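See structure below.
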Amino acid sequence: MAQYERNPPLNDSDVLPDPLAQFERWLADAAAASLVEPTAMSLATVSAGGRPSLRIVLFKGLHQGGFTFYTNYESRKGEELAARPEAALTFWWDKLERQVRIEGRVERVPRELSDRYFHSRPRGSQIGAYTSRQSQVLQKREELDARLAATDERFSGQDIPLPDYWGGYVVVPETIEFWQGRANRVHDRLLYVRAGNAWRMERLEP
Ligand SMILES: Cc1cc2nc3c(=O)[nH]c(=O)nc-3n(C[C@H](O)[C@H](O)[C@H](O)COP(=O)(O)O)c2cc1C
């Protein structure tokens, strides 16, 4: 059983009053820690019937105080978010013995932002996003490979346009929890709860 003893205690006075600034601080620590995917986060959504589903996506920056990621709007997660625009996110930075949990409302990011991000990606990724009907059943891999080649040929010598069915979401946080491992499973947990235009901080039992 791993003992979490890497960190000094997480005191109330060690964190910033603004949880977004505190998140950026921890993300910078994660980025400096040679992790494989420091921006990977689990994203939980809920179906219209209340069944949860979970998958990993990449965090692509803060936008107006919310956490952004990019995906296919017609994917399973896209359908679920259309029906119930609420989500939970979890980062787990194993080497740092730290977890961050976020819950909130979900909106689409402005189209210009999706366009800018889409076109910042390598052409192969643009072709993939344009072509893949994410979450649909595919009879054979070869069929997708042929469609990818067709997209490449269709837009030969041109930009791949941002498709209507692809873009970003922003999770506007209602709560953000910072979790840090301590010995004997007696971990530190600091929970920020939105209170109007400000944040209230509470300590939770481990
Ligand atoms: C490390 C990692 C990063 C990923 N990043 C993304 C991402 O940023 N956007 C995305 O749509 N899928 C990403 N995926 C794939 C998703 O986990 C998932 O397979 C896909 O989005 C389909 O999910 P859905 O069917 O629930 O909509 C990533 C997977 C892994 C393992």
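As the structure lists them, so they are numbered: ligands from 1, and atoms in each ligand from 1. Heavy-atom basis, side chains included; hydrogens, waters and symmetry copies ignored. The structure displayed is predicted, hence computed values, not measured ones.
- The ring-ring contact (aromatic ring centres under 6.0 Å, His included) test applied to H63 returns no partner, not counting sequence neighbours.
- R141 is linked by a salt bridge (Lys or Arg N to Asp or Glu O under 4.0 Å) to D145, counting only residues two or more places apart in sequence or in another chain.
- Near ligand 1, residues R55, I56, V57, L58, Y70, T71, S75, R76, K77, Q134, S135 each place a heavy atom inside the 4.0 Å sphere around the ligand atoms.
- Side chain of Q180 to backbone of N7: no donor-acceptor contact under 3.5 angstrom is found.
- Proximity of a side-chain donor or acceptor of D18 to a complementary backbone N or O of L20 within less than 3.5 Å is detected.
- Between F91 and F23, the ring planes lie tilted relative to each other; the angle falls in the 30° to 60° range.
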In residues 152-172, what donor-acceptor pairs under 3.5 Å come from side-chain atoms, sequence neighbours left out?
{"from": "R154", "atom 1": "NH1", "to": "Y130", "atom 2": "OH", "distance (Å)": "3.2"}
{"from": "Y165", "atom 1": "OH", "to": "Y130", "atom 2": "O", "distance (Å)": "2.4"}

